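Not measured: the values here are computed from a predicted model.
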Amino acid sequence: MRISCAEVDLAGGAVKILFFAPHAAIWVHAFPEALIAETLAQSGHTILYVSCGEVLQRVCIPMNAFGLDHLSPVDARRKICQLCGEQKKLLKREFGFAGYDLRELLEPADQIQATERLATLPFDECLGLTIEGVPVGKLALYETILNRKKTSVEFDAGDQSEYREWLQGAVMTAIAGKRMFEREQPECIAVYNSFYSVNHVICSLANAYGVPHYFLHAGGNLSRRLQTLMVGRNEAYGYARQIVERWPQFRTRPCAPSMLRQITDHFLVLLGGRSVFSYSPGTSREPFDVRKRFGIRMNQKIMVATMSSNDERIAARAIGVLDGDPETLFPSQVDWIKWLIRFAEGRPD
């Protein structure tokens, strides 16, 4: 296995690699991450495995994954923290990883001061908040925009309440993270999904210290998503842009039969609606008379409006990993659909 960049070449000599892994409760993420760390350790690199230690007990990605949020009962959220701790201990024990929790880097006063400050800080000032040189106010937007399907950063009271909880976690991670970098002086950082706000905080600190960082993520083929793993430098959009830039090098190469089979399997899962990431039901094998179903006359045209969710794009722009803000004809897709309805009402054809 080779992962290299200008600053560090993991194939060229042993280096100290810090795996920031605060989401061990999500086993399908944590176990592959640990396999990568084990492979690097077997190649002679020093692995440091840093976890949460309930610093993020108010809300975190695993809680969301189990259907909980910042308003869920404390006992329910505590069970996720317990699961996370148990699986973290299992991974560290079985793989032999050295490391510790973020909590060991924090003082009780850190939590108190952060809580008091954020409780009275106006929302607009929260958005611009910087801690230890990290734009935590911006990075903490990610989860709230996705969870609430926001199309802008115009947050109502409920949105702001959730955002402040993610911001609390980002602030605590920035404080502990700075101390971690100063103590450990790692030569490389790895996280599972660098867009998660606390992971993004660590990656931002890595940039400040001149330390290269890599993201890990399940593969893009829906038929074998959890059997493959992407490992890329920096963040996923930059990774994707580099793939597109390399297309001219490979466009004339024939595709191997095994790869064609994998591509076919992907589309079968996609069109069959068999993955949560298909975002639609599967295609029907039964004939469907759309005119009969909706009472459309033969002399009328059928207009199809294809929808898509903007939250991923909006979230990516909000945290600074996607450039540009193209002009749109309507403030939201709801406004667009309302316009189409009014248009159709005046068009009997």
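The shortest side-chain heavy-atom distance between L118 and L167 falls under the 4.5 Å cut-off. Between R233 and H213 there is no side-chain heavy-atom pair separated by less than 4.5 Å. Side-chain contact check for I314 versus K150: every heavy-atom pair is 4.5 Å or farther apart. Within the 4.5 Å cutoff, the side chain of F95 has heavy atoms near those of the F31 side chain. Contact check for H23 versus V198: side-chain heavy atoms found under the 4.5 Å cut-off. Looking only at side-chain heavy atoms (C-beta outward), T130 and V136 stay at 4.5 Å or farther from each other. Using a 4.5 Å cut-off on side-chain heavy atoms (C-beta onward), T151 and D311 make no contact. Taking 4.5 Å as the limit, some side-chain heavy atom of R117 sits within range of a side-chain heavy atom of I131.
One finds the NZ atom of K92 at 13.5 Å from the CD1 atom of I47 (value rounded to the nearest 0.5 Å). With rounding to the nearest 0.5 Å, the separation of CD in Q57 from SG in C84 is 12.0 Å. In this structure, L18 CG and E184 CD are separated by 6.5 Å, a value rounded to the nearest 0.5 Å. To the nearest 0.5 Å, atoms CG (L56) and CG (L102) are separated by 7.0 Å. Atom CG of N199 is separated from atom CD of E235 by 13.5 Å, given to the nearest 0.5 angstrom. Interatomic distance, S43 OG to E38 CD, rounded to the nearest 0.5 Å: 10.5 Å.
Residues L106 and F181 fall within the same hydrophobic cluster, defined by Ile, Leu, Val, Met, Phe, Trp and Tyr side chains chained together at heavy-atom separations under 4.5 Å. One hydrophobic cluster, built from ILVMFWY side chains closer than 4.5 Å, cannot hold both F330 and V334; they sit in different ones. Placement of V50 and F215 in two distinct hydrophobic clusters is found when ILVMFWY residues are connected by side-chain heavy-atom separations under 4.5 Å, directly or transitively. Linking ILVMFWY side-chain heavy atoms closer than 4.5 Å, directly or via other members, places V28 and I61 in a single hydrophobic cluster. Linking Ile, Leu, Val, Met, Phe, Trp and Tyr residues whenever their side-chain heavy atoms come within less than 4.5 Å places F343 and I337 in a single cluster.
A pairwise comparison of heavy atoms in F97 and A34 identifies CZ-O, 3.5 Å as the closest pair. In terms of heavy atoms, L68 sits closest to A76 at CD1-O, 3.5 Å. Of all non-hydrogen atoms in C188 and V211, the two that sit nearest each other are N-CG1, 3.6 Å. The minimum heavy-atom distance linking V231 with Y239 is given by the pair O-CE1, 3.8 Å. The two residues P122 and R164 come nearest to each other via the heavy atoms C-NH2, 3.8 Å. Considering all non-hydrogen atoms of both residues, I319 and F195 come closest at CD1-CD2, 4.1 Å.
Each of D110, L129, T115 was evaluated against V171; a single residue qualifies, L129, per the side chain to side chain contact (heavy atoms under 4.5 Å, CB included) test.
Using a cut-off of 4.0 Å between Lys/Arg side-chain N and Asp/Glu carboxylate O, R103 and D101 are scored as not salt-bridged. Ion pairing between R297 and D349 fails under the 4.0 Å rule for side-chain N and carboxylate O. A salt bridge is defined here as a Lys NZ or Arg NE, NH1 or NH2 lying under 4.0 Å from an Asp or Glu carboxylate O, and K16 with E187 fails to meet this definition. A salt bridge does not link D335 with K338: every distance from a Lys NZ or Arg NE/NH1/NH2 to an Asp or Glu carboxylate oxygen is 4.0 Å or more. Under 4.0 Å is where a charged nitrogen must lie from a carboxylate oxygen, and between E104 and R179 no such pair does.
Between Y163 and F123, the two ring planes are perpendicular [angle over 60°; tilted spans 30° to 60°]. Between Y192 and H29, the ring planes are parallel. Angles under 30° get that label, and only those over 60° would be called perpendicular. Between F294 and F288, the two ring planes are perpendicular [angle over 60°; tilted spans 30° to 60°].
For the pair S278 (side chain) and S280 (backbone), a donor-acceptor distance under 3.5 Å is absent. R77 contributes no side-chain N or O that, together with a main-chain N or O of M63, makes up a donor-acceptor pair within less than 3.5 Å. Not a single donor-acceptor pair under 3.5 Å links the side chain of E132 to the backbone N or O of A174. At least one donor-acceptor pair under 3.5 Å links the side chain of R291 to the backbone N or O of Q300. Although no hydrogens or angles enter the test, the distance criterion places no donor-acceptor pair under 3.5 Å between the side chain of S51 and the main chain of G53. Judged purely by atom type and a 3.5 angstrom limit, Q87 uses its side chain to pair as donor or acceptor with the backbone of A24.
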Before you tell me yes or no, could you show the steps for N193 and L216 under side-chain contact (heavy atoms from CB on, under 4.5 Å), namely the whole-Å CA-CA distance, both residues' side-chain angles and the distance that decides it to 0.1 Å? CA-CA 6 Å; N193 192 335; L216 286 70; over 6 Å; no

Kindly indicate, with the supporting measurements, whether the criterion side-chain contact (heavy atoms from CB on, under 4.5 Å) is fulfilled by L91 and W27. CA-CA 10 Å; L91 290 169; W27 188 253; 3.6 Å; yes

- Steps toward ring-ring contact (aromatic ring centres under 6.0 Å, His included) verdict (Y49, F19): CA-CA 5 Å; Y49 190 88; F19 276 75; 7.4 Å; no

Check the pair V321, H200 against side-chain contact (heavy atoms from CB on, under 4.5 Å), reporting the backbone distance first and the verdict last. CA-CA 10 Å; V321 296; H200 205 158; 3.8 Å; yes

Practice prompt. Quick one: do M307 and W336 satisfy side-chain contact (heavy atoms from CB on, under 4.5 Å)? Show the steps, please.
Written response: CA-CA 10 Å; M307 304 291 290; W336 173 52; 3.6 Å; yes

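Atom NZ of K79 has 12 or fewer neighbouring heavy atoms from other residues, nucleotides or ligands inside a 6.0 Å radius. Counting non-hydrogen atoms of neighbouring residues, nucleotides and ligands closer than 6.0 angstrom, the CD atom of E154 reaches no more than 12 such neighbours.
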Donor-acceptor pairs under 3.5 Å, side chain of residues 244-251 to any protein atom, not counting sequence neighbours: which ones?
none

Identify each donor-acceptor pair in which a side-chain atom of residues 258-273 lies under 3.5 Å from a protein atom, sequence neighbours left out, and give them as a table.
from: Q262; atom 1: OE1; to: R224; atom 2: NH1; distance (Å): 3.2
from: T264; atom 1: OG1; to: L260; atom 2: O; distance (Å): 2.9
from: H266; atom 1: ND1; to: L222; atom 2: N; distance (Å): 3.0

Under 3.5 Å, side-chain donor or acceptor atoms of residues 139-148 against the rest of the protein: list the pairs with distances, not counting sequence neighbours.
from: E143; atom 1: OE1; to: S197; atom 2: OG; distance (Å): 3.0
from: E143; atom 1: OE2; to: S197; atom 2: N; distance (Å): 2.8
from: E143; atom 1: OE2; to: S197; atom 2: OG; distance (Å): 3.2
from: N147; atom 1: ND2; to: N64; atom 2: OD1; distance (Å): 3.0
from: N147; atom 1: ND2; to: E143; atom 2: O; distance (Å): 3.3
from: N147; atom 1: ND2; to: E162; atom 2: OE2; distance (Å): 2.7
from: R148; atom 1: NE; to: E162; atom 2: OE1; distance (Å): 2.7
from: R148; atom 1: NH1; to: D159; atom 2: OD1; distance (Å): 3.1
from: R148; atom 1: NH2; to: G158; atom 2: O; distance (Å): 3.3

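Remark: R183 is positioned above the aromatic ring of Y100, its terminal NZ or CZ atom under 6.0 angstrom from the ring centre and at most 45 degrees off the axis.
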